[in-house]
J.: 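One structure is given below, represented as structure tokens, and several questions about it will come after.
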Amino acid sequence: MKVFCVAEYRFEELNPLSIELLNLANQIKGDGTAEAVVIGKDVGKYAEELAKYADKVWKVEDDSLENYTPDLYVDVLLQLAEREKPDLILIGNTAQGGEFAPYLAAKMNVPIATDVVAVDVSDGVKVSRYLMQGKLMVDLKLKSTPAVLTIRQGVFKEGPEVGGEIVDAGIKPSKESRRKFVSYIEPEVGEVDITQADIIVSVGRGIEDASNIELAEELAELLGGVVAGSRPVIDNGWLPKDRQVGISGKVVKPKLYLALGISGAFQHIMGMKDSELIIAINKDPEAPIFGVAHYGVVADLFEVVPELIEKLKEI
Ligand code: FAD
């Protein structure tokens, strides 16, 4: 199977999800190829990074592609897909991917499945995705290929290094964009990407008040991690929205997930259950978080965390 993966980058950095797409492509390609497509003005440095994980990287370069616009992305992808005939086109389930992927599928007149978390190609193409804010998981079988899939971030983090070639696709936009890029507006607090963190100290309603977040921050700093939270913590404005773990937040898979005062509602669990090591501190022995934790501490976090901080300071 020939699998295309459309790369995404911003502010001079490749979105790690682009590599995750290639990890998935390498899993499902069989004796076919995992091919990245990177679109822009000077995309050489992204192409080099992608080539580590791809059999081939297609560079589509033009001055008019300097900034993302959905119409030009679709225009060049249509041309490339028509010529190279991929079986699947993987796109990140991001704001950008969510905009142009349906547009591309409609123009190609092919099936699309969005926010996919699993792909099985043993008998046709079957995908899994959540429905109804994560209350249901559905398996879908695509009626035909080629098809477009948007892939959830943080699910396909592991993959082999491949070492492929970089090729100039020789494709230019066939028209002018109907949109003009003006500028990016940065979110007020966006410096932490919890999906990429190895260590997460996550706080729930048990932290009681915004002023107590400091405790989690101190612990996270000593461990070399970042602070995230459950939905009530975000709804209360104690942490920014981009720190929310769960079905309506982000899916994380860190090496260590330390859950402080989080009950473990399934909407939260769906966002962290695949973490390598989960340690939960909760004063309720019946809290469902203990069902997924590798280690559980039934205790008051305001007693345990300061002690932990003192011990870590001694190291
Ligand atoms: P609680 O359930 O109130 O739990 C607090 C826990 O802290 C309790 O277990 C308590 O025993 C413990 N505790 C209290 N004090 C202490 C202390 N001093 N020391 C130790 N432990 C203590 N939630 C998410 O997290 N992420 C999502 O993405 C998400 N999406 C949702 C989408 C939908 C459509 C819906 C309906 C809900 C969603 N939720 C989500 C909300 C979810 O259902 C739960 O309400 C939420 O996860 C509960 O957060 P919590 O565990 O912090 O709070």
Side-chain angles (χ1 to χ4, degrees), residues 1-94 96-97 99-101 103-105 107-108 110 112 119 121 125 145-151 153 156-177 181:
M1 163 166 290
K2 185 190 274 195
V3 188
F4 266 18
C5 303
V6 184
E8 182 171 328
Y9 56 86
R10 195 164 303 141
F11 306 129
E12 301 292 312
E13 285 208 15
L14 191 67
N15 184 334
L17 176 55
S18 309
I19 308 294
E20 294 175 25
L21 300 181
L22 286 165
N23 291 339
L24 169 60
N26 281 313
Q27 274 176 35
I28 61 177
K29 68 183 181 186
D31 41 14
T33 48
E35 304 187 10
V37 183
V38 57
I39 302 167
K41 189 177 170 195
D42 293 311
V43 294
K45 70 169 183 177
Y46 309 120
E48 275 173 34
E49 222 173 308
L50 292 161
K52 287 186 209 151
Y53 306 92
D55 296 295
K56 188 181 277 187
V57 181
W58 295 102
K59 279 196 307 178
V60 182
E61 289 183 315
D62 191 68
D63 286 357
S64 65
L65 296 168
E66 180 170 11
N67 292 297
Y68 160 78
T69 54
D71 45 358
L72 292 196
Y73 260 52
V74 169
D75 179 73
V76 295
L77 283 167
L78 273 175
Q79 294 180 55
L80 189 63
E82 202 161 291
R83 193 183 77 195
E84 298 299 326
K85 309 218 175 317
D87 300 293
L88 284 177
I89 302 180
L90 309 184
I91 295 169
N93 192 61
T94 58
Q96 181 172 307
E99 184 180 39
F100 77 86
Y103 185 8
L104 177 67
K107 282 277 185 189
M108 291 175 73
V110 301
I112 180 168
V119 181
V121 292
V125 179
T145 56
V148 175
L149 306 180
T150 72
I151 308 297
Q153 184 142 23
F156 300 100
K157 284 181 116 173
E158 312 293 327
E161 295 214 0
V162 178
E165 53 174 344
I166 300 173
V167 182
D168 189 337
I171 283 175
K172 301 280 176 207
S174 65
K175 57 182 185 183
E176 273 186 30
S177 176
F181 171 84

J.: What heavy-atom pair brings K175 and L72 nearest, and what distance separates the two atoms?
T.: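 In this case the closest contact between K175 and L72 is O-CD2, 3.5 Å.
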J.: How long is the gap from SG on C5 to CG on L88, to the nearest 0.5 Å?
T.: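 Spacing of SG (C5) from CG (L88) equals 9.5 Å.
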J.: With heavy-atom distances below 4.5 Å as the criterion, would you say the side chains of E82 and L78 are in contact?
T.: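 They are not in side-chain contact.
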J.: For residues Y46 and V57, determine if any side-chain heavy atom of one lies less than 4.5 Å from a side-chain heavy atom of the other.
T.: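 Counting from C-beta outward, Y46 and V57 never come under 4.5 Å.
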J.: Any chance you could measure L104, atom CG, to I112, atom CD1, to the nearest 0.5 Å?
T.: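 Going from the CG atom of L104 to the CD1 atom of I112 covers 8.0 Å.
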J.: Are L21 and V6 packed together at the side-chain level, in the sense that at least one heavy-atom pair is separated by less than 4.5 angstrom?
T.: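 No. Closest side-chain heavy atoms not under 4.5 Å.
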J.: Does any part of the side chain of I166, heavy atoms only, come nearer than 4.5 Å to the side chain of K59, both counted from C-beta?
T.: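 Side-chain contact under 4.5 Å: yes.
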J.: Hey, does the side chain of D87 reach the backbone of M1 with a donor-acceptor pair shorter than 3.5 angstrom?
T.: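 No; zero donor-acceptor contacts below 3.5 Å.
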J.: I'd like to know if the side chain of S174 pairs up with that of D75 as donor and acceptor (distance under 3.5 Å, no hydrogens or angles considered).
T.: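 Distance-only check passes for S174 and D75.
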J.: Of all the heavy-atom pairs spanning G40 and Y9, show the shortest one and how long it is.
T.: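 For G40 and Y9, the tightest heavy-atom pair comes out as CA-OH, 3.2 Å.
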J.: What is the distance from atom CD of E66 to atom CD1 of I39, rounded to the nearest 0.5 Å?
T.: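 Nearest 0.5 Å value for the CD-CD1 distance: 14.5 Å.
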J.: Strictly below 4.0 Å, N to O, side chains only: are K2 and E84 in salt-bridge contact?
T.: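 Here K2 pairs with E84 in a salt bridge, since their nearest N and O are under 4.0 Å apart.
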J.: For A54 and A36, which heavy atoms make the closest approach, and how far apart are they?
T.: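 Smallest heavy-atom distance, with atoms named: CB-N, 4.2 Å.
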J.: Evaluate N15 against Q153 for side-chain hydrogen bond (donor to acceptor under 3.5 Å, both in side chains), listing each step before the verdict.
T.: CA-CA 10 Å; N15 184 334; Q153 184 142 23; 3.2 Å; yes
J.: Side-chain contact test, heavy atoms from C-beta onward, threshold under 4.5 Å: evaluate it for L24 versus I151 and give yes or no.
T.: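 Yes, at least one pair of side-chain atoms sits under 4.5 Å.
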J.: Identify the two heavy atoms, one from E35 and one from W58, that lie closest to each other, and give their separation to 0.1 Å.
T.: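 Looking at all heavy atoms of both residues, the shortest contact is OE1-NE1, 2.7 Å.
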J.: Can you name the closest pair of heavy atoms from V110 and A147 and give their distance?
T.: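 Where V110 meets A147 most closely, the heavy atoms are CG2-CA, 4.1 Å.
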J.: Locate the shortest heavy-atom distance separating G92 from L17; write the atom from each residue and the value.
T.: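 That would be CA-CD2, 3.4 Å.
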J.: Rounded to the nearest 0.5 Å, how far does CD of E176 lie from OG1 of T69?
T.: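 CD of E176 is found 11.0 Å from OG1 of T69.
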J.: Do K45 and E12 meet the salt-bridge criterion of a basic N to acidic O distance under 4.0 Å?
T.: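 Salt bridge present between E12 and K45.
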J.: With distance as the sole test, does N23 use its side chain to make a donor-acceptor pair with the main-chain N or O of F156 at under 3.5 Å?
T.: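 A pair under 3.5 Å: yes.
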J.: Nearest 0.5 Å please: distance from the CG atom of L22 over to the NZ atom of K29.
T.: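 Rounded to the nearest 0.5 Å, the CG-NZ separation comes out at 9.5 Å.
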J.: Can you confirm whether V38 sits close enough to L50 that some side-chain heavy atom of one is under 4.5 Å from a side-chain heavy atom of the other?
T.: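 Yes, close enough: below the 4.5 Å cut-off.
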J.: Just by modelled atom types, is the Q96 backbone N or O under 3.5 Å from a matching donor or acceptor in the E8 side chain?
T.: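 No, the answer is negative, given that no donor and acceptor are paired below the 3.5 Å cut-off.
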J.: Kindly say whether V43 contributes a backbone atom to a donor-acceptor pair with the side chain of E61 at under 3.5 angstrom?
T.: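 A pair under 3.5 Å: yes.
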J.: Counting distance only, does the side-chain N/O of R83 pair as donor-acceptor with the main-chain N or O of I171 below 3.5 Å?
T.: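 Checking the backbone N and O of I171 against the side chain of R83, no donor-acceptor pair under 3.5 Å is found.
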J.: Donor-acceptor pair, N26 side chain versus Y53 backbone, under 3.5 Å?
T.: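 Pair found, side chain donor or acceptor close to backbone of Y53.
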J.: Decide if the gap between the ring center of Y68 and the ring center of Y73 is smaller than 6.0 angstrom.
T.: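 Yes, close enough.
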J.: Do L65 and P173 have side chains that approach each other closer than 4.5 Å (heavy atoms only, starting at C-beta)?
T.: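 Heavy-atom side-chain distance check passes, below 4.5 Å.
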J.: Does any part of the side chain of K172, heavy atoms only, come nearer than 4.5 Å to the side chain of V60, both counted from C-beta?
T.: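 No, every pair of side-chain atoms sits at 4.5 Å or beyond.
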J.: Does the side chain of T33 come under 3.5 Å of the side chain of D55 through a donor N or O and an acceptor N or O?
T.: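 No pair is found: no donor N or O on one side chain lies under 3.5 Å from an acceptor on the other.
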